[in-house]
Amino acid sequence: MNDTGSVPPENDPLAFRYSGVLAQTIEAQWQDRWDTEGTFNTPNPAGPLANSAAVAGRPKKFILDMFPYPSGAGLHMGHPLGFTATDMYARYQRMTGHNVLYTMGFDAFGLPAEQYAVQTGQHPAITTNQNIANIRVQLRRLGLSHDHRRSISTTDPEYYKWTQWIFLQIFNSWFDPERKKARPIDQLIAEFEAGTRAPKSGEWASLSAADRRRELDQWRLAYVSDAPVNWCPGLGTVVANEEVTADGRSDRGNFPVFKRQMRQWMMRITTYADRLIDDLDALDWTDAIKAMQRNWIGRSEGATVHFDVPALRDRITVFTTRADTLFGATFMVLAPEHPMVDRITTPFHADAVANYRKAAEAKDTFARQDDGREKTGVFTGGYAINPLTGTEIPVWIADYVLMGYGTGAIMAVPCGDQRDFEFARKFRLDIVAIQDPTDDRGTDTHTWADAFVGDAPYINSANESLTLNGVASVAEGVHITNQWLVAHGHGNATITYKLRDWLFSRQRYWGEPFPIVYDADGNPHALPSAVLPVLLPETDQFSPRTFDPDDAMSNPESPLDRLGDWVELQLDLGDGVQTYRRDTNVMPQWAGSCWYELRYLDPTNADAFVDPANEQYWMGPQGEGHPGGTDLYVGGVEHAVLHLLYSRFWHKVLFDLGHVSSFEPFHKLFNQGYILAAAYQDERGMYVEASQVEARDGGYFYEGQPVRREYGKMGKSLKNALDPIDLCIEYGADTLRLYLMSMGPLDASRPWESKDVIGVHRFLQRLWRNIVDEETGALRLLPEPASVDTQRIVHRTIAGVREELEALRFNTAISRLIELNNHLTKLGGCPADTADTLVKMVAPLAPHIAEELWARLGHTATVTYEPFPVADAALLVADEVEYPVQVNGKVRSRITVAADADNDTVQALALADEKVQAALGGGAPKKIIVIPGRMVNIVA
RNA sequence: GCCCGAGUGGCGGAAUGGCAGACGCGACGGACUCAAAAUCCGUUGUCCGAAAGGGCAUGUGGGUUCGAGUCCCACCUCGGGCACCA
């Protein structure tokens with residue numbers, strides 16, 4: 001570079017070479033044009049965005065990304081990965097005649113914006129809007145074909161108005177256990193009044209107004225509960241079960257979490273447990289994600305069994321999946337918190353029990369769930385009767401039994417359960433073998449090292465009316481015993497779940513306020529939907545009160561509590577004007593993401609969250625047994641439980657209440673992998689900036705010091721993040737898109753290799769050069785028509801690319817286009833009659849260069865809605881086929897045969913081949929296999 | 001411990017039970033250039049061989065099959081999820 005500056009483009013002999021600079025120019029022009037023309041605006045059947053003529057006769061596709069949280073750092077590389085995949089798919093679907101709904105919104109409530117606001121004193125709405133504006137610019141640069149009119153932010157009052165409205169729908173509903181669906185609370189009142197359903201708290205007619213209110217609150221799907229919740233002093237808020245990690249800390253911030261009794265909003269998601277499991281069968285999701293959901297819901301089918309406690313004239317009920325082991329139940333264990341502990345404990349054991357309970361209470365959930373911990377427990381002095389053997393068995397308490405699961409009490413079968421076995425060994429309790437183990441350990445349990453688990457013939461398992469002896473399968477044993485228990489009044493078939501109700505309130509500022517007020521008696525009242533949205537009040541005090549993270553006895557204090565003017569209000573809810581207090585909690589961040597896909601369908605509808613006609617068109621069931629929902633949903637596995645479970649639940653409630661026609665929100669789910677990248681640690685184990693590391697002499701160095709390389713998820717914490725926009729500047733968005741998709745299959749995690757990016761860039765450069773002269777910018781197509789050979793390659797590519805794109809295999813689709821382009825390069829350019837086809841195939845993948853080439857080829861309209869090429873079947877079959885000929889499974893020769901030759905001809909030609917003869921060594925073949933069109937295998 | 005998923009060249013990866021390694025990176029050789037970069041052309045699993053050709057190759061060991069990267073059984077390694085769930 002000298003004083004005269006850089007060489008002006010007009011003097012550059014290759015001014016029209018497809019470089020990063022040219023790519024950027026082209027991309028900016030087309031992004032402008034797409035915006036100006038509203039190229040990707042998608043018509044609805046009804047409402048403000050309706051254009052019934054444009055909708056008519058076209059199949060639809062609703063293609064959805066998990067919407068991003070608009071962080072101040074902008075997009076990271078993981079975003080374009082999923083977004084590019086959906087964009088390519090959306091563009092392909094448009095070219096195959098589909099009406100495609102594809103847009104992007106923002107999940108913008110939540111902690112980071114609030115914490116940033118606390119630090120800067122700036123209102124979170126301001127920073128959130130800035131971040132959203134910034135991300136919109138970034139998204140635009142990637143060339144994503146979004147319908148911008150449909151974009152939403154969960155923080156927009158016009159959006160969260162409907163989040164609050166849906167909350168009221170849930171609040172005003174109850175779950176009918178007979179019909180297994182949500183129904184309006186009015187219908188419950190009608191049933192109570194008609195006497196067709198009994199209230200839990202007595203005769204409806206004799207209940208006071210206040211009692212009636214409390215009765216109804218016990219049925220509502222959203223309810224205020226004084227229940228054990230996860231209190232996180234470090235965050236200053238309570239969190240849901242799903243937000244607590246296995247080691248008892250908060251998902252966000254990693255603070256300790258404590259169980260506390262508190263009054264909080266809950267959602268009765270447990271009533272939907274069965275449907276949330278069963279309907280997984282109707283979904284096109286991977287088995288891994290389905291397994292995670294099933295696992296979390298944790299349905300366990302078994303039996304409740306009653307054990308009489310003669311001293312109390314009461315009984316202990318336990319849950320078991322292995323009723324068949326009852327003959328081996330030699331003691332019982334209650335959770336320390338079990339309500340019967342006080343009564344069953346004898347005076348002699350009272351002190352020991354009290355001490356043990358105190359100690360257990362002091363331990364947090366984390367410590368109690370630490371697997372492999374030494375078993376502890378104390379005897380209560382009480383006894384219960386084993387209903388099968390009639391014998392008295394001791395009742396203990398121990399903290400390995402959890403109050404939150406089953407009934408909080410177990411029957412202990414030490415011979416068949418490892419935990420019970422350890423407990424029995426430690427406290428010298430009886431261990432009776434009830435199966436003859438299939439290994440050679442024998443039936444003397446004194447010699448056993450552990451419990452025996454598995455199928456084996458039962459022994460010692462009989463009373464006057466029941467015998468399992470001789471039965472060899474656990475399933476059968478369970479079945480027989482369950483029948484006996486029911487017949488003799490000792491138990492029932494029962495299902496339990498691990499899933500708990502969803503804790504739905506947070507003591508924070510930056511979230512949706514509840515559309516709920518409380519009367520003087522503290523009863524919750526729904527606000528009428530006409531007053532929605534309940535706006536988040538202005539304040540400059542955004543922070544909840546946080547506490548010493550370890551201070552379990554602290555109490556939550558919401559920022560909204562401090563806004564006295566806002567909290568108190570005068571209102572007439574039908575009983576005359578009264579003073580009410582607003583609910584000062586806000587909804588969890590998951591609320592806004594529970595239904596955003598529905599708002600995309602009808603984003604400007606002021607009368608309803610979505611017009612039923614639009615919902616039915618975009619998300620309605622596609623035939624018998626089809627659950628409806630989005631045609632494709634792409635996002636990370638990290639939402640496998642939380643978001644996907646919550647939004648399925650909300651969707652089902654809306655379905656039950658008749659607001660949507662689909663019973664699942666996301667029909668096909670695809671989880672993209674992570675982008676990994678090399679990360680480097682210095683000798684202290686600190687991560688160093690990966691971009692500053694140099695590789696030499698077979699090692700890696702940072703500022704001259706050796707560093708250690710590993711691979712990890714690309715991100716700030718490993719200091720190995722790359723900004724996608726930087727790649728757009730260097731090579732162009734089309735190159736970035738192709739690179740992201742060519743790295744490997746979409747669902748696999750793969751390491752980023754910057755040096756590989758050049759490969760797809762070269763492809764685009766060659767593609768360009770096959771059509772455009774690099775010096776003049778003029779077209780340089782080959783005048784003569786494509787040869788039959790070339791046509792065959794083109795049509796095979798068409799068939800291949802179609803197949804790969806349908807199946808979201810973008811990596812192999814790109815490979816096929818590279819192969820075709822390499823062929824054209826060898827020809828010296830693209831034949832004039834082939835250029836349109838080539839450009840159309842590239843269009844979904846690299847849309848900017850495709851639009852530019854399409855325009856240069858003389859077309860005035862966008863390539864977006866051009867029909868995708870269709871392969872000519874006649875050109876997919878060759879005249880002649882080359883058969884590999886194997887002898888004993890090894891390829892020894894190749895023969896070329898007419899494509900329509902019959903098997904006998906192929907066989908004869910194969911045997912006549914010299915090399916085959918040589919390989920046979922004169923021996924007669926035993927068997928000859930001819931796979932038509934494929935190969936020949938001769939068994940010698 | 002249990003439940004998923006995956007192991008293929010120097011690297012990322014490709015292969016309806018039918019020619020293993022498509023496509024890309026890198027490397028090597030050549031062209032262009034005063035030179036370099038960029039670009040273009042060619043070679044590239046590995047071993048033996050001058051070549052022709054041949055042997056060996058999809059984590060390990062068995063099996064099914066005319067034929068296995070692909071299906072079955074056992075094991076090893078890595079990644080992810082769950083975990084005192086009765």
Side-chain angles (χ1 to χ4, degrees), chain A residues 14 17 19 246 286-296 298-300 302 318-322 325 333 335 368-373 375 398-402 404-413 416-420 422-423 453 496-498 637-638 640-641 671 673-674 676 738-739 742-745 747-763 765-766 769 774 800 803 809 811-819 821-822 825-826 882-894 915 925-931 933-940:
Chain A
L14 295 176
R17 168 168 288 183
S19 62
T286 61
D287 290 340
I289 295 285
K290 288 186 183 182
M292 282 190 228
Q293 293 235 331
R294 286 199 188 96
N295 219 326
W296 189 266
R299 178 161 65 187
S300 179
V318 303
F319 173 77
T320 177
T321 55
R322 290 291 307 277
T325 62
V333 185
R368 277 187 63 174
Q369 290 181 359
D370 183 11
D371 197 3
R373 204 165 49 89
K375 292 279 176 291
D399 63 9
Y400 80 92
V401 176
L402 308 173
Y405 185 77
T407 62
I410 63 159
M411 62 179 210
V413 184
D417 181 288
Q418 186 58 26
R419 294 157 301 176
D420 298 345
E422 287 168 20
F423 195 83
V453 185
T496 64
Y497 304 89
K498 208 176 81 178
V637 270
E638 63 271 23
V641 174
N671 295 111
Y674 293 118
L676 310 176
L738 289 190
Y739 175 64
S742 67
M743 291 163 85
D747 55 354
S749 292
R750 48 304 205 21
W752 178 279
E753 286 294 348
S754 290
K755 68 176 168 59
D756 291 357
V757 178
I758 192 72
V760 285
H761 187 67
R762 279 182 196 144
F763 160 58
Q765 206 169 60
R766 287 172 198 158
R769 184 157 50 221
E774 292 185 326
E803 203 180 308
R809 290 191 298 256
N811 53 332
T812 45
I814 292 166
S815 297
R816 285 175 177 276
L817 286 170
I818 293 176
E819 280 182 282
N821 194 57
N822 287 349
T825 303
K826 284 197 173 65
E882 190 187 67
Y883 280 77
V885 183
Q886 297 181 343
V887 177
N888 291 333
K890 291 201 160 128
V891 179
R892 295 297 174 180
S893 185
R894 290 163 200 287
K915 289 178 190 160
K926 290 198 187 103
K927 190 173 178 186
I928 302 173
I929 295 115
V930 178
I931 311 295
R934 282 284 185 178
M935 64 174 316
V936 181
N937 189 15
I938 300 170
V939 186

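Throughout, a chain's letter reflects where its sequence line sits, starting with A, and its residues are numbered from 1.
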Problem set entry | Polar side-chain atom of R750(A) near backbone of A748(A) as donor-acceptor pair, under 3.5 Å | yes

For this session: Give a yes or no answer on whether the side chain of D420(A) reaches the backbone of V413(A) with a donor-acceptor pair at less than 3.5 Å.
Result: yes

Seminar exercise, completed: Among the nucleotides rG55(B), rA15(B), rC66(B), whichever has the atom closest to the side chain of R892(A) is rG55(B)

Exercise. Sub-3.5 Å donor-acceptor pair from the side chain of Y497(A) to the main-chain atoms of S300(A), do we have one?
Worked result: no

Exercise. Can you find an N or O donor on one side and an acceptor on the other, under 3.5 Å apart, linking the side chain of K375(A) with the base of rC84(B)?
Worked result: yes

For this session: Calculate, to the nearest 0.5 Å, the distance between atoms CD and CD1 belonging to E819(A) and I814(A) respectively.
Result: 13.0 Å

Seminar exercise, completed: Minimal heavy-atom distance between A335(A) and V401(A), with the atoms involved, is CB-O, 3.4 Å

Exercise. Among rC19(B), rU39(B), rC84(B), which nucleotide sits nearest the side chain of Y400(A)?
Worked result: rC84(B)

Problem set entry | Minimum-distance nucleotide (side-chain atoms of K826(A) versus rC19(B), rG18(B), rG42(B)) | rG42(B)

Exercise. Of the nucleotides rA38(B), rG13(B), rC40(B), which one has an atom closest to the side chain of R750(A)?
Worked result: rG13(B)

Exercise. For K290(A), which contact category applies under a 4.0 Å heavy-atom criterion: base, sugar-phosphate, or nothing?
Worked result: nothing

Problem set entry | Base orientation of rG81(B), syn vs anti, 90° cut from 0 | anti

For this session: Pick base, sugar-phosphate or nothing for N811(A), based on heavy-atom distances below 4.0 Å to the nucleic acid.
Result: sugar-phosphate

Problem set entry | Main-chain N/O of A640(A) paired with Q293(A) side-chain donor or acceptor, under 3.5 Å | yes

Exercise. What is the pairing partner of rC75(B), taking Watson-Crick or G-U wobble pairs with both distances under 3.5 Å in any strand?
Worked result: rG59(B)

For this session: Could you tell me the separation between the CG atom of D417(A) and the P atom of rC2(B), rounded to a whole number of Å?
Result: 15 Å

For this session: Determine: side-chain N/O of K927(A) to OP1/OP2 of rC66(B), distance under 4.0 Å, yes or no.
Result: yes

Problem set entry | Aromatic plane relationship, F423(A) with Y400(A) - under 30° parallel, 30 to 60° tilted, over 60° perpendicular | tilted

Seminar exercise, completed: Against the side chain of K498(A), the closest entry in rC82(B), rC19(B), rG24(B) is rC82(B)

Exercise. Under 4.0 Å between a side-chain N/O of K755(A) and OP1 or OP2 of rG10(B), yes or no?
Worked result: no

For this session: For the side chain of L402(A), starting at C-beta, report the closest nucleotide among rC85(B), rG13(B), rC23(B).
Result: rC85(B)

Problem set entry | Phosphate-side-chain proximity, R762(A) and rC25(B), N/O vs OP1/OP2 below 4.0 Å | yes

Problem set entry | Any N937(A) side-chain N or O less than 4.0 Å from OP1/OP2 of rC19(B) | no

For this session: Using a cut-off of strictly less than 4.0 Å, decide whether T825(A) has a side-chain nitrogen or oxygen near OP1 or OP2 of rC40(B).
Result: no

For this session: With the side chain of Q765(A) defined as its heavy atoms from C-beta on, choose the nearest nucleotide among rC19(B), rU39(B), rA15(B).
Result: rU39(B)

For this session: Assess whether one donor atom and one acceptor atom, taken from the side chain of R894(A) and the base of rC19(B), lie less than 3.5 Å apart.
Result: yes

Problem set entry | T320(A) side-chain proximity, nearest of rA86(B), rG26(B), rG13(B) | rA86(B)

Exercise. Taking OP1 and OP2 of rC82(B), is either one under 4.0 Å from a side-chain nitrogen or oxygen of R294(A)?
Worked result: no

Problem set entry | Atom-pair distance (CG on D756(A); P on rA27(B)), nearest Å | 12 Å

Problem set entry | Sugar-phosphate only, base, or nothing, as touched by N822(A) at under 4.0 Å among non-hydrogen atoms | sugar-phosphate

Exercise. In terms of side-chain heavy atoms of I818(A), which of rG42(B), rG12(B), rG24(B) is nearest?
Worked result: rG24(B)

Seminar exercise, completed: Of rC56(B), rA86(B), rU39(B), the nucleotide closest to the side chain of Y405(A) is rA86(B)

Problem set entry | Presence of donor-acceptor pair under 3.5 Å, side chain of N295(A) and base of rC82(B) | no

Problem set entry | Distance test, side-chain N/O of R419(A) to OP1/OP2 of rC85(B), below 4.0 Å | yes

Problem set entry | RNA chain B: 5'-proximal contact among V760(A) and S749(A) (nearest heavy atom) | S749(A)

